[in-house]
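Treat the numbers as computed from the prediction; the structure is a model and nothing was measured. All ligand and atom numbering here is 1-based and tracks the order in the structure.
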Amino acid sequence: MDPRRREFLAASSLGLLGLAAEAAAARAAQADPIIDIHQHLNYSGRPDVVLLAHQRAMGATLTILLPAGRAATTASTHQGVANGLQAQALGSEACAEFARAHAEYLAGANERPDATDATEEIERYLKGGAVVIAEQKFGVECDAPEMQRLYALAATHRVPVLMHWQFRMYNHGFERFDRMLERYPTVNFIGHAQTWWGHIDRNHQDQTVMYPRGPVTPGGLTDRYLSDYPNMYGDLSAGSGLNALTRDEAFTRDFLQRHQGKLLYGSDCSDHDGGGPKCQGTQTIAAIRRLAPTKVIERRLLYENAKALFRL
Ligand SMILES: [Zn+2]
Ligand SMILES: [Zn+2]
């Protein structure tokens, strides 16, 4: 068999793109770079070679890998449920190593906040070049002393903190978070996940609803945090981000206009395709392109805001 044909078949059988399609994606990416601020290594067991192809297929030119903390059986991990970010994601060491080996990747640093050596562990990776403390996805109060130690560490190292807000599961006390925004004015916080996005709606009354549908009434907590605090940012990733963008498109156009300097593209998808119906990250890029009021705003959301926030 012709070796190119064999290579193509091998790539296809791995679920990778064909060579021509990949070259086309690379050309498009060069013209319109995209920073993906939210991906994971070994996400639901996804092999590294598939992650690399997935990110290229989506058009991500730079990807930030968010590590899990070290595994532990504690209340903060819901007796181990939250280990690996509840998705088999690998930790700080693996992400740092991957980022060293791949120029288009950066890594975060992470640990469960109640580990006795959490700040030392995270600081070790910040000193090694980690660009964010994330993904903070643990069953703790958002203003607990152990969380505040991480915020102080973020201030010292001038890196953002990315938090997964999920009612009764991860980062409790969203309605009190304004006090942390005030107490740590030099720390940039990035909000993510169901409870963060549910609260774009002023009428988000039933907190147990994770993916609310239908029209949005402006003025929700999330909308207010973004408007009132220069150190509050939003991560558009995951099903929750895509749901928030698409549930009421008229609202979304104004929301993107209003917070055009505060919202950042992330994928957070674990599929092997990097396109098509299973790839939510690609759908989020399409939604941003469709709903951003101007090309300038689109570029801010897909690239410029992350470049500035992470000082790249
Ligand atoms: Zn998350
Ligand atoms: Zn995807």
Side-chain angles (χ1 to χ4, degrees), residues 14-17 21-22 25 29 34-61 63-69 76-78 81-91 95 105 108 110 112-113 132-140 142 160-172 174 189-199 210-211 222 233-245 264-288 302:
L14 275 170
L16 305 185
L17 278 185
E22 190 158 338
I34 293 174
I35 300 175
D36 179 352
I37 70 152
H38 196 138
Q39 259 297 354
H40 304 293
L41 208 52
N42 193 54
Y43 199 166
S44 303
R46 180 172 55 193
D48 292 352
V49 64
V50 180
L51 168 69
L52 289 164
H54 175 278
Q55 294 303 99
R56 279 197 300 270
M58 283 202 316
T61 44
T63 298
I64 303 180
L65 294 171
L66 309 183
S76 62
T77 64
H78 300 293
V81 170
N83 286 336
L85 301 171
Q86 218 181 327
Q88 303 173 52
L90 298 183
C95 291
Y105 286 76
N110 203 17
R112 101 192 130 79
V132 59
I133 297 176
E135 176 179 352
Q136 276 295 304
K137 185 178 181 180
F138 301 96
V140 293
C142 69
V161 180
L162 188 146
M163 297 169 73
H164 178 116
W165 295 96
Q166 187 176 336
F167 184 64
R168 286 191 185 145
M169 192 66 187
Y170 299 124
N171 291 314
H172 313 307
F174 185 61
F189 293 92
I190 307 171
H192 154 70
Q194 298 94 331
T195 296
W196 167 261
W197 286 114
H199 276 292
M210 292 287 134
Y211 298 92
T222 295
Y233 290 77
D235 163 6
L236 294 162
S237 74
S240 55
L242 181 58
N243 181 59
L245 285 170
L264 312 143
Y265 170 71
S267 62
D268 194 16
C269 54
S270 63
D271 61 283
H272 289 204
D273 300 356
K278 279 193 275 178
C279 183
Q280 155 263 301
T282 297
Q283 292 169 51
T284 303
I285 293 171
I288 290 168
L302 291 175

Say whether [X] and [Y], considering side chains only, have a donor N or O and an acceptor N or O under 3.5 Å apart.
X	Y	answer
E135	H38	yes
T63	Q55	yes
D271	H54	yes
H40	Q88	no

Q: Using a cut-off of 2.8 Å, find all protein N, O or S atoms closer to the Zn ion (ligand 1) than that distance.
A: E135 OE2, H164 ND1, H192 NE2
Q: Could you check if a side-chain atom of H192 sits within less than 4.5 angstrom of a side-chain atom of M163, using non-hydrogen atoms only?
A: no
Q. Quick one: does V161's side chain get under 4.5 Å of I190's, heavy atoms only?
A. no
Q) Hey, does the side chain of T222 reach the backbone of W196 with a donor-acceptor pair shorter than 3.5 angstrom? A)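 Confirmed, T222 side chain pairs with W196 backbone.
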(Q) Given a threshold of 2.8 Å, state how many protein N/O/S atoms are nearer than that to the Zn ion (ligand 2). (A) 4
**Q.** With sequence neighbours excluded, residues passing side chain to side chain donor-acceptor pair (under 3.5 Å) with Q136
**A.** N110
Q: Could you list the residues that satisfy side-chain contact (heavy atoms from CB on, under 4.5 Å) with S270, not counting sequence neighbours?
A: Y43, S44
